[in-house]
2 protein chains.
Amino acid sequence: MKTTFGEYIRLLRNENELTLTQLAAKLNLDSANLSKIENGKRDFDEKRLPKLAKIFKLNLKELRNEYVTDQIGKHIYETNCTKQLLQVAEEKAEYRRTLNKSLQTQ
Amino acid sequence: MKTTFGEYIRLLRNENELTLTQLAAKLNLDSANLSKIENGKRDFDEKRLPKLAKIFKLNLKELRNEYVTDQIGKHIYETNCTKQLLQVAEEKAEYRRTLNKSLQTQ
DNA sequence: TAAGACTTGTCATTTTTTGACAAAAATAAA
DNA sequence: TTTATTTTTGTCAAAAAATGACAAGTCTTA
């Protein structure tokens with residue numbers, strides 16, 4: 001998926017010929033706010049992923065992957081993180097994993 | 001740097017033989033909260049990076065890189081983002097960059 | 001054990017995010 | 001054009017999250 005999560009929602013919504021109001025209702029959401037989400041002016045709330053998956057019959061894990069990569073992609077973008085630095089960030093994530101592991105054994 | 005940002009601060013503090021109270025004062029911060037930061041129970045506030053750089057005579061840009069990679073590393077860790085997904089996230093960051101570029105020309 | 005250093009818990013304040021509504025703009029249909 | 005519908009934008013109160021501050025605890029070490 002090479003779009004933002006908001007654009008992805010819009011794509012799904014259009015494919016299924018729903019209006020903002022209709023999808024927003026299914027998501028327990030104001031249509032104005034859904035519009036902002038689709039236009040990248042607000043974030044989609046992670047809590048609603050299961051509902052979203054159900055509405056469009058998507059695999060929740062895959063949808064969550066779309067969501068997570070969007071969020072981290074946004075983070076990378078907003079911090080001007082280069083590929084080189086991203087490599088460092090990944091190493092630090094790995095370090096946290098080992099930290100956590102050694103915590104568990106104790 | 002293969003530590004968390006909190007551990008890094010502790011390292012710097014110890015190298016310079018400062019107590020929590022002393023460093024906290026220099027940072028306009030409560031020593032209890034600095035303790036939490038060093039132990040990864042709170043985040044260091046980005047606003048204080050310039051002060052931190054000054055105190056330990058560090059290059060601000062490099063320090064910010066340490067900070068950013070820590071934050072993104074934490075994000076990667078907390079979302080269980082695999083290397084494969086991280087690659088996707090990076091592509092999405094790139095996509096946002098192109099989005100932004102085309103916005104600028106218009 | 002006494003002092004200083006550090007940690008933990010709690011809570012009020014501040015900041016950020018979210019939900020909700022109104023109204024404007026854009027789009028489409030008559 | 002006018003009218004209806006959809007979408008966007010702005011605003012603001014409420015909810016949630018982050019931060020500052022303080023008290024009381026533990027740990028170190030002199």
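Labels below follow one simple rule: chain letters A, B, ... track the order of the sequence lines, proteins then strands, and each chain is numbered from 1. As the structure is a prediction and not an experimental result, all values here were calculated from the model.
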What is the distance from [atom1] of [X] to [atom2] of [N], rounded to the nearest Å?
X: A:R10; N: D:dT6; atom1: CZ; atom2: P; answer: 14 Å
X: B:F44; N: D:dA18; atom1: CZ; atom2: P; answer: 17 Å
X: A:E17; N: D:dT7; atom1: CD; atom2: P; answer: 12 Å
X: A:D45; N: C:dT18; atom1: CG; atom2: P; answer: 6 Å
X: B:I37; N: D:dA18; atom1: CD1; atom2: P; answer: 13 Å
X: A:D43; N: D:dA17; atom1: CG; atom2: C1'; answer: 14 Å
X: A:N14; N: C:dA28; atom1: CG; atom2: P; answer: 12 Å

Ring-plane angle category for B:Y67 and B:F5, please: parallel below 30°, perpendicular beyond 60°, tilted otherwise.
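B:Y67 and B:F5: perpendicular rings.
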Note, B:L29 side chain near B:I37 side chain (heavy atom, < 4.5 Å)
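Yes, side chains in contact.
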Using a heavy-atom cut-off of 4.0 Å across all strands, would you classify A:S35 as base, sugar-phosphate, or nothing?
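Here A:S35 touches the bases of the nucleic acid.
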Checking only heavy atoms, does the side chain of B:K36 share a donor-acceptor pair with the base of D:dG20 at less than 3.5 Å?
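Side chain to base: no pair below 3.5 Å.
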Give a yes or no answer on whether the side chain of B:N59 reaches the backbone of B:K61 with a donor-acceptor pair at less than 3.5 Å.
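Side chain of B:N59 to backbone of B:K61, a donor-acceptor pair under 3.5 Å: yes, one is there.
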Spell out, as yes or no, whether a donor-acceptor pair under 3.5 Å connects the side chain of B:D30 to the backbone of B:A32.
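Checking the backbone N and O of B:A32 against the side chain of B:D30, a donor-acceptor pair under 3.5 Å is found.
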Does [X] place a side-chain N or O at less than 4.0 Å from the phosphate oxygens OP1/OP2 of [N]?
X: B:K41; N: C:dT7; result: no
X: A:N39; N: D:dT7; result: no
X: A:R13; N: D:dT6; result: no

Any Lys/Arg nitrogen of A:E94 or B:K2 sitting under 4.0 Å from an Asp/Glu carboxylate oxygen of the other?
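Salt bridge between A:E94 and B:K2, a charged N being under 4.0 Å from a carboxylate O: no.
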When you measure from every atom of DNA chain D, which of residues 20-34 of chain B have a heavy atom less than 4.0 Å away?
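Correct list: B:L29, B:D30, B:A32, B:N33.
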Pick the closest DNA chain C nucleotide for B:L18 and for B:R42 by heavy atoms, then say which residue is nearer the 5' end.
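Comparing both residues, the 5'-ward one is B:L18.
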So, using ring pair (Phe, Tyr, Trp, His ring centres under 6.0 Å) as the criterion, who are the partners of B:Y77 when residues are at least two apart?
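Listed in chain order: nothing, the list is empty.
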For A:E15, does the CD atom sit with more than 12 other heavy atoms under 6.0 Å from it, leaving out its own atoms?
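Above 12, so yes.
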